[in-house]
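Heads up, the thing below is written out as structure tokens.
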Number of protein chains: 4
Amino acid sequence: MALRGVLRLGEVSIRVLDMKAARQHYGTHMGLIETLVDEEGKVYYKCWDEHDHHCLVLREADSAGMDHFAFKVFDDQTLTELEGKLRAYGIEVEHIAAGVYPKSGRRLKFLLPTGHTMHLYAEKEQIGNTLGTRNPGVMPDEGVIRGFRINRIDHLLIGGDKIDENAKLFQEVFEFDMTERLEDVDTKASLSIFVSCSTKPHDIAFVVQPEPNRFHHVSFLLESVSDLVHAGDLIGKYRIPVEVNSNRHGITRGATIYFFDPSGNRNEVFTGGYVHYPDTPTLTWDTSELGAAAFSQDNTFRDSFFTVLT
Amino acid sequence: MALRGVLRLGEVSIRVLDMKAARQHYGTHMGLIETLVDEEGKVYYKCWDEHDHHCLVLREADSAGMDHFAFKVFDDQTLTELEGKLRAYGIEVEHIAAGVYPKSGRRLKFLLPTGHTMHLYAEKEQIGNTLGTRNPGVMPDEGVIRGFRINRIDHLLIGGDKIDENAKLFQEVFEFDMTERLEDVDTKASLSIFVSCSTKPHDIAFVVQPEPNRFHHVSFLLESVSDLVHAGDLIGKYRIPVEVNSNRHGITRGATIYFFDPSGNRNEVFTGGYVHYPDTPTLTWDTSELGAAAFSQDNTFRDSFFTVLT
Amino acid sequence: MALRGVLRLGEVSIRVLDMKAARQHYGTHMGLIETLVDEEGKVYYKCWDEHDHHCLVLREADSAGMDHFAFKVFDDQTLTELEGKLRAYGIEVEHIAAGVYPKSGRRLKFLLPTGHTMHLYAEKEQIGNTLGTRNPGVMPDEGVIRGFRINRIDHLLIGGDKIDENAKLFQEVFEFDMTERLEDVDTKASLSIFVSCSTKPHDIAFVVQPEPNRFHHVSFLLESVSDLVHAGDLIGKYRIPVEVNSNRHGITRGATIYFFDPSGNRNEVFTGGYVHYPDTPTLTWDTSELGAAAFSQDNTFRDSFFTVLT
Amino acid sequence: MALRGVLRLGEVSIRVLDMKAARQHYGTHMGLIETLVDEEGKVYYKCWDEHDHHCLVLREADSAGMDHFAFKVFDDQTLTELEGKLRAYGIEVEHIAAGVYPKSGRRLKFLLPTGHTMHLYAEKEQIGNTLGTRNPGVMPDEGVIRGFRINRIDHLLIGGDKIDENAKLFQEVFEFDMTERLEDVDTKASLSIFVSCSTKPHDIAFVVQPEPNRFHHVSFLLESVSDLVHAGDLIGKYRIPVEVNSNRHGITRGATIYFFDPSGNRNEVFTGGYVHYPDTPTLTWDTSELGAAAFSQDNTFRDSFFTVLT
């Protein structure tokens, strides 16, 4: 009990068109820490205050988008239990042996109703946050925190046609809470759904799309709005394409900047938002307040939010 | 799974010597929201971004200190399960009927090894954070957030002689993680222990004391270090006694101010700190780095931290 | 010497279409402090940390825009000297007796080359910032700082056809420094010019317009980007029309939000920017970097910046 | 007029006991930019957002303290005028030829009533802030802003027996404003006096001491309280001796940390404080509020503030 079961988003594997440009973006500019280039040329990154070996994987390919994402679970027994629950729910589950994915223990692999490939794993090599575990101190050496000053990977937004089914799966099998939901004011159809397995306002979210298996964005956690403004200054300096500069989401109450990597994959830096608990009421937004739901500082929806995905 | 079982610190019941002075402190100065004065004259407060009816209770008495604290659990079935686990562990459990404590469902009441009275409950009336649940917006009306701009109650530190036994109980029965531990560098005896049931670096902590049932402090969550400095300015304006002005804890990495209510009960405002997960390594500090463990910006321990409790 | 002569922007007098809506905007929402309603129904405001009686005057009229602006000078002798310099420069100067403008000493009134009416005055009644002058403390009572948490009026941007002549006048007669200048990359014509009489990156600026006597915006100073984000949240809450949400100017390096009052007059909240001294090199921008010059976080110019004035 | 005459503190020349340790402190840890080691082994630093070649000079010597400080004036003619005013006031003035001090034009050198050596100069080589002057952008390359993220040298506090005479000189000859003054509540004697030649709450200040020519501290400007907390974290990390951790001065309203270089010279990082103008009322504090005057967040004076100088 307490925090158990599915713990957190642990890995997002993204396709990029040009690895050199992608490394400049995620490494040099954003300041993520490169931890591995594997035999296939895939590049692995971690954020400074994470303990696991990596949270982001880049693979060069002919199209942008996401290969898979993975959540870490509490322990191996949880994996076993979740496999049973998935199968009982009607989901086909594939086994991936330990080591197939570098630094990773065995995995469960399956398709979501929205067509995305999801993994679950219980083990990944821990390399720490450079502070150590005995009298660790609070500040890493200079240079460890750099670029956008990103602390952690935070959450993921994916697009597809069956988002209600995704939400049902995450709630019933993984015991996530639905924190917020955006619906069409007339039809009551779900336009986006936000679910959490922690005290965050979302660990993953779903946005309705005509096609399955679309990638909307991966989000990285900053310490404060001061760091958000700092990241915004660097985004401008490096001429990174910006979709929405510093604003606040109505949904989640988090402060945000949306921008794109050189392949057109959307990224977000995010800070703040409320503290969620399972007894926090679910918040419902509708399209009569679409602007406020998306970007509450100017109450203006951006069409690209629903149309530009990879 | 996900976040289940014991959820969070939900209530701290404190004794104050002079209710008028206490109300000025917690209400007028700190800006907590008074939600009830009950028939016995006890005064109830909530923080603005909490949904439950109250998190702090003040009772006028001849001595300062804490009457009890309570954690909220996921649901009534969790209560039943935890009663079983507590009894199996050898803890005597008392039943308190719903309504005995205002706005509260039934409770379990028991003594910790350190002599403190702890409650568990699954239900408390929810009155919300003023934003509503349909197209809620992100900012309450002016005046709702005021004083120290406190978002939530955060955690509790209690003192007693058997803190290792407390930690064992919280880990084995409540499935908290031990996040950090401070030990005597020579004897290896535990001086303080920090445990978490969430992604916070602690939900409750224990500090060794020669006597049982001592109250060290209750802590309130702020949004940012900007708000911490603002709170510090108000603490100065209102001539509130300060034990440690703006600093950072080595343990938890949270930024902090310690100050006292008019009865001598210690309060803290707190912001930041790392994100904890069950797989985060436990951090161990020892007294060779006592200053850094306690206050990492000046590496200076304050003796009062171990000696002034109520 | 040191800081003498022309000191600062001391007054902006704006026309509004509906006084009730304007008071809600400037008073209730922004949090400026109303200090007077005069016999003609004009409403006067000050910012909390200013000592003078008012810095903003609203007059109900059939069209939006600015009636006049005024700079405060060091002393009455400075006024006399500046009158001589203005006349020698070829500017007609009109005398306004003390008291004609409420709370104000005598004034000089004249037209700028861009057709704007400017005043100079040396005296205005001081009512202080509520802290007093003996053991004043650092925090006013709660409620004095509210709304957008504005500290001071900061600067003014006005539009007209002869901005080079304005700049020459401010430099030669008032001894302002030209801090920055934006020019057409082909013709080298000035598009906007920024001048300072202090350590601020600008005290007033000029933007080229086909017609004279246009009002672009009045800007208010915030303490930090934390307060800028807070103001942005309130702007969103009150559904105030936003032209450009939180961004940074290339020119001045200040962080900014542009929004409109209910009459269509543009306002800005501003924080940061470099420290200017007379020996700081003048910075020159050209239209090859128009986006970066205007809004450096997304390198995107907004056409309305050159076309929407009152 | 506007900002003319004496502009700002431009140079502080400090004696250190061990140059290697001093370079680690001011360069590696604080992040000042080393611009020169001269033939005598003196080391020169600038802050990133200053344009002049250096603002801090370190000289290895047998005792800590300050050799001299220097203010920059508007132009060479100002130097000539000030020499006349100084001589008329009864101050002996020595000429130092251009080039005697590296990168510096000619100087005036003289003793203050408190026994300190002060220079005035109009020229120092400008090397810029790395941003350039054509389409300069707003963010230097990564690594230019590092360590404590210091923007500029800010002010100086010096100690001696004749501080009223210093204040009189600065007011009458240099036309500084007295912004604040701390007096003995009984005798009305001045304990410290703060004077400004800009919109800052002080450019230099004087504290009474039994002996002349004492150095209290040199202060460096940070952008925000977020950066102040960051500096505090680094001060803790590097085990730099702290006199007063993050607090706010009643006098000046600036947020502050006081710490010591390895030779025992006091440094400060400073941010905020009100905007001063010549018509801002002088604030008077007395020893009945000594704690609040010095450190307003805990209203506690530190004796070392009056007794530890170099």
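Below, all heavy atoms of this structure are taken into account, side chains as well, without hydrogens, waters or symmetry copies. A, B, ... follow the sequence lines: proteins, then strands. Residue 1 opens every chain.
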Exercise. Does the side chain of A:His230 come within less than 4.5 Å of C:Val225's, by heavy atoms?
Worked result: no

For this session: With a 4.5 angstrom heavy-atom cut-off, could you sort out which part of C:Asn247 is near chain A: side chain, backbone, both or neither?
Result: both

Exercise. Quick one: does A:Asn299's side chain have a donor or acceptor within less than 3.5 Å of a partner on C:Arg239's backbone?
Worked result: no

For this session: Report yes or no: does C:Asn245 contribute a side-chain atom to a donor-acceptor pair with the main-chain N or O of A:Ser246 at less than 3.5 Å?
Result: yes

Exercise. Sequence neighbours excluded, which residues qualify as salt bridge (charged side-chain N to carboxylate O under 4.0 Å, His left out) partners of C:Arg149?
Worked result: C:Asp227

Exercise. More than 12 foreign heavy atoms under 6.0 Å from NZ of C:Lys188: is that the case here?
Worked result: yes

Exercise. Top residue by heavy-atom pair count (under 4.5 Å) with chain C, among A:Asp233, A:Val244, A:Asp298, A:Leu234?
Worked result: A:Asp233

Exercise. For residues 262-294 of chain C, which residue pairs qualify under ring pair (Phe, Tyr, Trp, His ring centres under 6.0 Å), counting only residues two or more places apart or in two chains?
Worked result: C:His155-C:Phe270, C:His202-C:Phe270

Exercise. Is any side-chain heavy atom of A:Ile235 closer than 4.5 Å to a side-chain heavy atom of C:Gln297?
Worked result: no

Problem set entry | Contacting moiety of C:Ala292, where chain A heavy atoms sit under 4.5 Å | side chain

